[in-house]
Each structure stands twice: as structure tokens, then as C-alpha cells.
**Student:** 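Here you go, one structure.
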Amino acid sequence: MESKKKRNQILTARWGLYTIILLVAAALQSTPGFLAIGECKAYLILGVCMAVSMQENEFEAALFGVIGGLLWDYTAGRTVGFFAISMLFVCFFCSVLMQLYLKRVPINIFFINFIVGLLLISMDFLFGYLMTGYANPAHRYLYVLLPEIFASALLALIPMKLVGMVSERFTLE
């Protein structure tokens with residue numbers, strides 16, 4: 001009975017810390033002027049969700065991706081569910097990819113975050129910007145969104161280190 005209690009405490013601490021990291025990332029991402037260069041601003045929620053999906057199994061990664069996606073939808077003022085559904089699939093496949101084929105090295109973390117960011121932000125750009133008829137979409141995509149994706153992929157190394165430390169500290173025997 002004691003081991004079951006200890007196991008629950010470890011899991012609660014680990015997922016509680018993951019949630020705190022996600023909430024801090026959401027607060028920093030939605031803070032005006034924080035890590036912003038001109039119109040460019042990094043997507044920190046994406047980095048945290050990808051970091052957790054690289055550390056955990058596919059079901060837990062998908063569930064955390066939904067929570068992170070809902071938080072991203074809320075903080076970005078988007079239609080509820082767009083990023084949530086997208087992050088569900090992305091986190092699931094990222095977890096499977098890391099378990100079966102890739103190692104957790106910085107270059108892999110960067111490229112996965114860059115590709116996922118490119119996919120998600122391009123879809124958001126297509127449905128939220130291009131199809132609605134805003135002026136000068138090519139300038140926005142090339143000079144705002146692509147630098148944001150690149151910066152997000154670089155900054156994803158920080159949550160990966162934090163999530164890795166939490167996962168290592170609160171692991172089950």
C-alpha cells in the first residue's frame with residue numbers, strides 16, 4: 001500500500017510541475033513585449049508541449065497536447081479547438097517518433113519543433129489570415145511568421161531541459 005501511495009505522489013508531482021511549466025509558458029507567451037522583436041513573438045506553449053511529448057508515452061503526450069492546445073487557443077483568441085485538435089495529433093506522433101526512432105539530442109529537438117511549428121502556424125495562417133482576405137499575406141508569412149517559428153524552435157531547448165529535469169527527478173522505479 002505504501003508503494004502505491006508513493007507512486008501516486010511521484011506522478012502528481014511530475015504532472016503538477018509539467019502543468020506549472022505550461023502555465024508559466026502561456027503567461028510569458030501572452031505577455032505583451034516579452035521576447036518580442038518587432039512583430040515577432042515566440043510560441044512557448046508549443047515548446048513545452050513538444051518537450052513533454054518527447055519525455056512521456058503517447059497517450060499522456062496527446063492528453064497534455066490537448067490541454068496545451070486549449071490554453072493556446074484561449075491565449076491567442078482563436079476558435080476553441082483548432083490548436084487543441086492539432087496538438088493532440090502532433091504530440092501523439094512526436095511521442096511515438098521519439099520512442100521508436102529518434103534520440104533526445106538538441107538538433108532533433110530543434111528540427112521537430114521547427115517542423116511542427118511550421119505545420120501548425122502555416123495552418124493557422126491559412127485559415128485565420130489568408131482565407132479571410134487580409135492585405136499583404138506574403139510579407140506577414142515571410143517576415144513575421146517564419147522568424148517566429150525559428151525563434152520558437154530555438155527557445156524550445158529551454159523547456160526541454162526543464163521537462164527533462166522534472167522527468168528525471170520524478171521517475172518511477
Side-chain angles (χ1 to χ4, degrees), residues 18-19 21-32 34-102 104 106-134 136-160 162-163:
Y18 286 165
T19 304
I21 293 170
L22 179 66
L23 292 174
V24 168
L28 293 177
Q29 179 175 319
S30 61
T31 302
F34 183 78
L35 289 176
I37 300 171
E39 292 182 48
C40 300
K41 191 165 174 81
Y43 305 107
L44 302 175
I45 294 174
L46 177 64
V48 173
C49 289
M50 291 287 96
V52 170
S53 69
M54 290 178 190
Q55 292 288 339
E56 301 297 332
N57 69 33
E58 57 276 353
F59 176 75
E60 294 164 346
L63 187 60
F64 195 79
V66 168
I67 294 167
L70 285 172
L71 191 59
W72 194 357
D73 285 330
Y74 178 72
T75 58
R78 298 287 192 268
T79 303
V80 176
F82 177 77
F83 283 119
I85 293 170
S86 302
M87 292 294 285
L88 175 126
F89 291 112
V90 164
C91 288
F92 175 83
F93 287 117
C94 179
S95 178
V96 170
L97 187 68
M98 292 306 286
Q99 288 178 32
L100 297 177
Y101 300 111
L102 297 176
R104 289 179 197 95
I107 194 74
N108 288 345
I109 295 165
F110 172 80
F111 279 120
I112 286 174
N113 277 284
F114 185 79
I115 291 167
V116 167
L118 190 63
L119 174 74
L120 292 180
I121 301 307
S122 295
M123 283 185 353
D124 182 49
F125 173 76
L126 174 67
F127 295 123
Y129 196 84
L130 191 62
M131 293 178 93
T132 54
Y134 283 96
N136 208 0
H139 180 268
R140 173 132 178 99
Y141 190 79
L142 292 174
Y143 296 109
V144 176
L145 295 179
L146 287 180
E148 285 178 345
I149 294 166
F150 185 80
S152 300
L154 278 178
L155 288 175
L157 298 172
I158 297 169
M160 187 65 205
L162 289 173
V163 167

**Student:** With no hydrogens and no angle check, just 3.5 Å: does a side-chain donor-acceptor pair link E56 and Y18?
**Tutor:**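 E56 vs Y18: donor-acceptor pair found between side chains.
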
**Student:** Do the side chain of N113 and the main chain of I109 share a donor and acceptor less than 3.5 angstrom apart?
**Tutor:**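 At least one qualifying donor-acceptor pair exists.
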
**Student:** Specify the closest pair of heavy atoms between G65 and M87, including all atoms of both residues, with the distance to one decimal.
**Tutor:**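 So the two residues come closest at O-CB, 3.1 Å.
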
**Student:** Minimum heavy-atom separation for G117 to L46, with atom names?
**Tutor:**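 Minimum heavy-atom contact is CA-CD2, 3.6 Å.
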
**Student:** What is the minimum heavy-atom distance between F64 and V48, and which atoms define it?
**Tutor:**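 So the two residues come closest at CE2-CG1, 4.2 Å.
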
**Student:** Measuring only between side-chain heavy atoms, which start at C-beta, is D73 closer than 4.5 Å to T79?
**Tutor:**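 No, too far: nothing below the 4.5 Å cut-off.
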
**Student:** Compile the donor-acceptor pairs under 3.5 Å between side chains in residues 140-147 and protein atoms, sequence neighbours left out, one pair per line.
**Tutor:**
residue: Y141; atom: OH; partner: S122; partner atom: OG; Å: 2.6

**Student:** Less than 4.5 Å apart, any side-chain heavy atom of F110 and any of L154?
**Tutor:**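 Contact flag for F110/L154 side chains = yes.
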
**Student:** Without swapping roles, check the side chain of K41 against the backbone of P32 for a donor-acceptor pair under 3.5 Å.
**Tutor:**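 Between the backbone of P32 and the side chain of K41 there is no qualifying donor-acceptor contact (under 3.5 Å).
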
**Student:** Tell me whether S95 contacts the main-chain N or O of E58 through its side chain, where contact means a donor paired with an acceptor under 3.5 Å.
**Tutor:**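 Present.
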
**Student:** Decide yes or no for I112 and M54: does some side-chain heavy atom of the first lie under 4.5 Å from some side-chain heavy atom of the second?
**Tutor:**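 Result yes, sub-4.5 Å side-chain heavy-atom pair found.
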
**Student:** List the steps and the verdict of side-chain contact (heavy atoms from CB on, under 4.5 Å) for F92 and V96.
**Tutor:** CA-CA 6 Å; F92 175 83; V96 170; 4.1 Å; yes

**Student:** As an exercise, state the distance from CD1 of I45 to CZ of F83, rounded to the nearest 0.5 Å.
**Tutor:**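 It is 9.5 Å, given to the nearest 0.5 Å.
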
**Student:** Could you go through the side-chain contact (heavy atoms from CB on, under 4.5 Å) check for Q55 and M98 one step at a time?
**Tutor:** CA-CA 8 Å; Q55 292 288 339; M98 292 306 286; over 6 Å; no

**Student:** Nearest 0.5 angstrom please: Y43 OH to L155 CG, how far?
**Tutor:**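 Y43 OH to L155 CG: 12.5 Å, rounded to 0.5 Å.
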
**Student:** How long is the straight-line distance from CD1 of I107 back to CZ of F111, given to the nearest 0.5 Å?
**Tutor:**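 It comes to 4.5 Å.
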
**Student:** Which heavy atom in L22 sits nearest to a heavy atom in G68, and how many Å separate them?
**Tutor:**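 Looks like CD2-CA, 3.9 Å.
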
**Student:** Side chains of S152 and E148: any donor to acceptor distance under 3.5 Å?
**Tutor:**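 No, because no side-chain N or O of E148 sits under 3.5 Å from a partner of the opposite role on S152.
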
**Student:** Can you tell me how far apart CH2 (W72) and CG (L44) are? Round to the nearest 0.5 Å.
**Tutor:**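 W72 atom CH2 to L44 atom CG measures 10.0 Å (nearest 0.5 Å).
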
**Student:** How long is the span from the SG atom in C91 to the CD atom in E60, to the nearest 0.5 Å?
**Tutor:**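 Rounded to the nearest 0.5 Å, the SG-CD separation comes out at 12.5 Å.
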
**Student:** Please round to the nearest 0.5 Å and tell me the distance separating atom CG of L119 and atom CD1 of I149.
**Tutor:**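 Output value for this atom pair is 9.5 Å.
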
**Student:** Mind listing the closest non-hydrogen atom pair of L157 and P106 along with its distance?
**Tutor:**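 Distance-wise, the nearest heavy atoms are CD2-O, 3.8 Å.
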
**Student:** What are the two closest heavy atoms between A156 and G47, and how far apart are they?
**Tutor:**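 Distance-wise, the nearest heavy atoms are CB-CA, 4.0 Å.
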
